[in-house]
Amino acid sequence: MKKIILLFVLFSTLMSFAQNTGSVVGTLTDKEFNDEPLAFANVLIKGTTKGTTSDFDGVYKIENLEVGTHILEFSFVGYETQQISVSIIAGEVTELNVAMSASAASLDEVVITTTTKRESETALLLEQKKAVEIKQSIGAQELSRKGVSDAAGAVAKISGVSKQEGSSNVYVRGLGDRYLNSSMNGLSLPSNDVNKKNIDLNLFSSDVIQNVSISKAYAAQFYGDFAAGNVDITSKEHTGSFAVDVFSGTGFNTNAINKNFVRSEGSGYFGYYGRYAHNPFAIILSHGVDPVNVDTPVNVAYGASIGNSFNFNNGSKLSVFVTGSFENSYEYRTGKNVDFTTVEKKAFDASEEYEYATTTSAMANVGYKINSDNRISFNSVFINSSSDEVGYYGIDGNGRNRDAILNTDQGFYQQNIQFDQTRMFVNQLLGSHKSGKLELDWGFGYNKVFSDQPDRKRFSVENYQYALDNDSTTNPTFYSNVVFDNQRYFQKIEDDEYNGRFNLAFKPNDKLKFNLGYNGRHKTRQFNNIRYGYDIVDGDYQITDVNNFDAIFNLDNLNLNDASNGIYEIKVINPYPTLSNTNRPGLFENSYNGNLNVYAGYVDAEINAGDKWLFVPGVRLESFEQNISYDVINLGNNGVDSKSSKETFILPSLNIKYTLNDDQNLRLSASKTVSTPEFKEIAPFVYEDVSTRIGGNPDVLGYSDILNIDLKYEWFFSKNEIFSFGAFTKQIDNPINLVVVGDATGTQRYVRTGDQATIYGFEIELRKNLLVDEDDNANLSFGVNATYMKTKQDLYETIDGTFDLAFNRNEDELQGASPFLLNADISYSPTFKNYQPVANLVFSYFSDRIDALGSGDLGNIVEKSVPTLDFIWKNTIKENFEINFSAKNILNPTIQYVREDQNLGDVLVVSANGKGVTDYKRGMNIGLQLKYNF
């Protein structure tokens with residue numbers, strides 16, 4: 001590798017003597033704001049799509065221009081476009097500084113648009129064109145136009161990306177959560193869910209997003225655990241003068257609007273639970289179990305942002321940006337809840353779920369420009385997200401349970417009341433410095449996450465059909481095969497992470513640049529849970545009101561001794577050493593502690609060989625250490641153990657860009673990466689939902705080698721139009737899949753399923769303007785991207801380990817891979833004096849994909865295809881006032897998961913990755929928003 005780099009450097013040096021090109025550089029300033037630097041304005045060579053954007057300090061640079069006279073076009077939204085002639089001399093750098101003024105027709109609009117920066121589609125497309133690696137981005141401007149409210153919805157609009165319906169899972173080129181990385185401003189983000197590697201991108205509302213990018217091809221600056229790509233969120237910042245935005249919105253879900261909504265007792269309207277300081281046993285004694293009624297289920301959203309910049313006499317500048325928002329949503333689902341392996345275990349043909357979700361987000365960004373060469377900033381984000389779900393299963397009285405005591409064919413019923421809350425704090429200190437030919441970028445971060453599931457209540461009833469008749473002499477009874485069929489459950493996750501990065505760039509000339517860098521992270525996780533079961537003393541106790549369990553589970557009915565004749569007792573699995581396990585607090589039922597240390601250094605070189613070729617060879621040396629200790633009840637004596645893995649990886653990469661002409665690129669990327677397991681994939685703790693069970697497997701400890709090859713053609717045929725075509729292939733050694741273990745419980749676990757998996761596919765993207773105005777701004781445009789993938793993995797005949805299993809086939813498709821993905825949108829944006837409407841239709845589709853592999857004689861669980869269609873209508877009235885309307889999920893498709901069965905065909909089942917029902921419709925979401933810019 002060293003010899004190859006030296007050859008590239010020598011070739012580049014020889015080419016520099018024979019060059020017949022020059023460069024132009026300069027600074028763009030804003031006349032409307034005291035000649036401050038104008039960031040992210042567009043600079044184009046007229047008649048071509050070759051160009052760039054000014055950076056945060058207004059500086060731009062265009063290299064490798066042919067000798068002669070060129071016309072440069074400088075433009076920015078709300079400013080007059082300027083065309084200036086410049087003469088290029090061979091081997092020299094020409095300086096051209098430009099001061100830009102607002103157009104007379106939009107002078108008032110400048111206040112609004114000066115903060116767009118890299119939010120615009122045009123600027124991001126130029127950034128993609130110049131990037132040294134295969135990368136795609138979507139900015140706040142496009143998010144707003146398409147009605148995308150969060151980062152998860154943002155990435156799902158990028159080619160090769162899909163989002164799993166009913167969950168936060170994002171798939172890139174068929175590879176899901178475990179093959180992705182997520183970061184913010186280049187620093188890693190934590191996970192908020194014990195069952196996920198990455199943060200739920202739904203938590204990042206568009207209010208805190210400047211743009212979201214996905215790097216699908218590996219480069220040395222990324223962590224070695226890389227297969228599908230890296231999702232990076234760039235936070236919003238402010239560079240203009242004083243500005244304030246406020247918005248308020250409302251809406252409803254067509255399924256939920258006419259329902260008498262309920263949510264968990266103890267949870268608040270804003271998604272907070274105020275009892276974390278109390279022992280769970282004290283909460284059980286003090287608080288009831290029944291859900292509470294809420295007001296009319298109308299969605300609301302409101303928020304504000306404020307920014308200002310302060311200039312100092314020495315030329316430095318302080319910029320401050322603060323934003324905060326709150327939004328909620330109501331959703332009602334009715335469908336089936338079925339647990340089916342080779343036989344039906346439990347089935348509720350009629351089930352319903354009420355879900356109330358909230359997201360509160362706040363962000364503060366403080367940037368200090370010391371001078372044109374030095375800048376530091378501090379970014380702090382707080383997010384509170386909650387999901388409050390009440391589910392009733394078997395509401396028609398025909399629920400079935402193979403293990404029922406009284407009647408296996410009807411009358412089985414379960415109620416599940418569950419509140420989940422995540423509080424996340426992200427703090428980052430960032431800096432960039434320039435000195436001659438050197439440039440240093442660095443960042444340090446600290447992340448803190450509290451992810452809790454406090455006081456989940458679950459009750460099981462037999463002969464529920466008696467609750468539906470008018471006969472007071474017949475009543476349901478509690479199902480109590482084991483103590484925990486009726487229970488209260490408490491779960492806590494706490495993550496701490498310190499991370500850092502720096503990149504030192506040295507550019508001796510226009511043809512060569514070296515990057516020397518480091519990044520690392522230290523992460524810890526603490527997990528614990530405890531259950532308390534209601535042991536029904538009288539097995540024949542009659543439930544006279546199934547909607548008033550508070551009348552039963554209260555202190556008056558607690559059985560304290562043999563003479564009290566109480567209805568129930570409270571049981572715990574792990575009692576304190578000096579206490580009974582009955583009617584007393586207990587110790588954690590399951591717990592695990594995880595520790596992750598990743599430290600890596602890397603070097604790469606950006607080598608411009610002539611005017612056409614860009615070679616970026618790189619290598620990364622990474623130290624990886626993972627430790628996990630666990631204490632779980634489901635493995636008996638083997639449930640208390642610890643596992644550790646320590647590896648050193650050498651990961652080479654090569655990215656090549658060949659510039660066919662000013663408008664077209666050809667890219668090739670090849671790399672070696674790895675895939676490592678997450679804490680939750682190793683710890684054998686089992687999470688039990690109403691009809692699903694999912695847990696880890698200590699046998700997956702280790703890593704997988706991955707080979708990646710990408711080839712892509714890009715044609716930027718105007719400043720906001722593109723056609724691209726790409727092909728990719730991956731080879732994963734010893735892959736991990738989610739598998740339904742063929743035992744009596746049907747538990748899903750993570751398993752290394754075979755020697756090798758292969759993936760290959762094709763991507764195509766087109767963005768085209770159909771109608772443009774006199775300034776070449778699109779009035780009617782459309783975009784479409786599609787991906788076709790083919791996956792295959794080997795399957796072992798038998799697997800002997802902590803969990804033994806076998807496969808009845810020797811190969812299958814890869815879990816989570818959709819053979820076909822499609823995203824499309826059409827936008828119409830005419831202008832009528834002060835009225836500027838924008839109408840958008842946005843469509844997405846993914847084909848059937850494996851949700852979990854089946855082992856033994858079990859068939860796979862398959863997530864069925866889903867098409868989605870949204871309509872967004874933005875109305876700008878008198879420049880600073882907006883009235884926006886949206887209708888989402890217009891097609892309202894049926895969401896289904898099925899178990900493939902050789903004898904019965906497809907059997908509807910629920911998924912551990914989805915909601916508590918299957919065969920349901922989400923309903924349409926209708927929304928109206930008012931927005932005002934000061």
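The structure displayed is predicted, hence computed values, not measured ones.
Between Lys346 and Phe412, the closest side-chain pair of non-hydrogen atoms falls below 4.5 Å. Asn593 has its side chain out of reach of Phe527: every pair of non-hydrogen atoms, C-beta onward, lies at least 4.5 Å apart. Using a 4.5 Å cut-off on side-chain heavy atoms (C-beta onward), Ile493 and Val449 make no contact. Annotation: side chain of Leu738 is not in contact with side chain of Leu853 (no heavy-atom distance under 4.5 Å). By the 4.5 Å heavy-atom criterion applied to side chains, Ile628 and Gln626 are not counted as neighbours. Between Ile736 and Pro677 the shortest side-chain heavy-atom distance falls below 4.5 Å. Side-chain contact check for Asn548 versus Asp290: some heavy-atom pair is nearer than 4.5 Å. Residues Tyr392 and Tyr413 are in side-chain contact: their nearest non-hydrogen atoms beyond the backbone lie under 4.5 Å apart.
Ser855 contributes a side-chain N or O that, together with a main-chain N or O of Val740, makes up a donor-acceptor pair within less than 3.5 Å. Proximity of a side-chain donor or acceptor of Asp689 to a complementary backbone N or O of Ser691 within less than 3.5 Å is not detected. Side chain of Glu462 to main chain of Leu406: a donor-acceptor pair is present (N/O by atom type, distance under 3.5 Å, no hydrogens or angles).
A donor-acceptor contact closer than 3.5 angstrom is absent between the side chains of Asp452 and Gln421. Using modelled atom types, one finds a donor on one side chain and an acceptor on the other under 3.5 Å when comparing Ser386 with Thr358. In this model, no donor atom of one side chain and acceptor atom of the other lie less than 3.5 Å apart for Tyr687 and Asn529. Using modelled atom types, one finds a donor on one side chain and an acceptor on the other under 3.5 Å when comparing Glu352 with Tyr332. Side-chain atoms of Asn574 and Glu589 include no donor-acceptor pair closer than 3.5 Å. Side-chain N/O atoms of Arg458 and Asn416 include a donor and acceptor closer than 3.5 Å. A donor-acceptor pair shorter than 3.5 Å cannot be found between the side chains of Gln542 and Thr477. Looking only at atom types and distance, the side chain of Thr918 has no donor-acceptor partner in the side chain of Lys336 under 3.5 Å away. Judged purely by distance below 3.5 Å, without hydrogens or angles, the side chains of Gln465 and Asn463 pair a donor atom with an acceptor atom. Using a 3.5 Å distance cut-off with no hydrogens or angles, the side chains of Asp225 and Thr676 do pair a donor with an acceptor. With 3.5 Å as the limit, one finds a donor-acceptor pair spanning the side chains of Glu353 and Tyr393. Residues Ser480 and Asp485 have side chains that never bring a donor and an acceptor to within less than 3.5 angstrom of each other. Residues Ser267 and Asp388 have side chains that bring a donor and an acceptor to within less than 3.5 angstrom of each other.
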Trace of the side-chain hydrogen bond (donor to acceptor under 3.5 Å, both in side chains) decision for Thr753 with Asn737: CA-CA 7 Å; Thr753 51; Asn737 285 266; 2.9 Å; yes
Derivation and outcome, side-chain contact (heavy atoms from CB on, under 4.5 Å), residues Arg456 and Phe419: CA-CA 7 Å; Arg456 184 192 71 193; Phe419 176 74; over 6 Å; no
Check against side-chain contact (heavy atoms from CB on, under 4.5 Å), Ile682 and Glu678: CA-CA 7 Å; Ile682 302 170; Glu678 290 299 301; over 6 Å; no
Pair Phe459-Val546, side-chain contact (heavy atoms from CB on, under 4.5 Å): steps then yes or no: CA-CA 10 Å; Phe459 300 99; Val546 293; over 6 Å; no
Derivation and outcome, side-chain hydrogen bond (donor to acceptor under 3.5 Å, both in side chains), residues Thr544 and Asn475: CA-CA 6 Å; Thr544 57; Asn475 294 292; over 6 Å; no
Worked verdict on Val338 versus Val910 for side-chain contact (heavy atoms from CB on, under 4.5 Å): CA-CA 6 Å; Val338 180; Val910 290; 5.9 Å; no
Pair Asn328-Tyr269, side-chain hydrogen bond (donor to acceptor under 3.5 Å, both in side chains): steps then yes or no: CA-CA 9 Å; Asn328 65 13; Tyr269 175 81; 3.1 Å; yes
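Remark: Glu494 engages Lys448 in a salt bridge, criterion side-chain N to carboxylate O under 4.0 Å. Salt bridge Glu344/Arg402: absent, no basic N to carboxylate O contact under 4.0 Å. Of the charged side-chain nitrogens involved, none lies within less than 4.0 Å of a carboxylate oxygen, so that Glu681 and Lys643 do not count as a salt-bridged pair. Between Arg488 and Asp455 a salt bridge is recorded (basic side-chain N to carboxylate O distance below 4.0 Å).
Geometrically, Arg263 engages Tyr356 in a cation-pi contact, judged by NZ or CZ lying under 6.0 Å from the ring centre and within 45° of the ring axis. Geometrically, Arg525 does not engage Phe679 in a cation-pi contact defined by less than 6.0 Å to the ring centre and at most 45° from the axis. Taking the ring axis of Phe340 as reference, the NZ or CZ atom of Arg899 does not stay both within 45° of it and closer than 6.0 Å to the ring centre. Taking the ring centre of Tyr276 as origin, the terminal cationic atom of Arg423 falls inside the region bounded by 6.0 Å and 45° from the ring axis.
Atom CG in Asp420 sits 8.0 Å away from atom CD in Gln491 (nearest 0.5 Å).
The side chain to side chain contact (heavy atoms under 4.5 Å, CB included) test with Tyr532 singles out one residue from Val572, Ile573, Val483, and that residue is Val572. Under the side chain to side chain contact (heavy atoms under 4.5 Å, CB included) rule, Lys523 has a single partner from Leu596, Asn447, Asp496, Asn595, which is Leu596.
Under the side chain to side chain contact (heavy atoms under 4.5 Å, CB included) criterion, Val640 pairs with Asp631, sequence neighbours left out. The ring pair (Phe, Tyr, Trp, His ring centres under 6.0 Å) check on Tyr541 picks up nothing, with sequence neighbours excluded. In this view, Val537 and Asn559, Glu569 satisfy the side chain to side chain contact (heavy atoms under 4.5 Å, CB included) rule, not counting sequence neighbours.
Looking at every heavy atom in both residues, Val390 comes nearest to Ser264 through CG2-N, 4.2 Å.
Aromatic pair Tyr592/Tyr630: centroids not less than 6.0 angstrom apart. Ring to ring, Phe281 and Phe490 are not that close: their centroids are 6.0 angstrom or more apart. Checked against the 6.0 Å centroid criterion, the rings of Phe553 and Tyr534 qualify as a close aromatic pair.
The aromatic rings of Tyr354 and Phe261 lie perpendicular to each other, with more than 60° between the two planes, well past the 30° mark.
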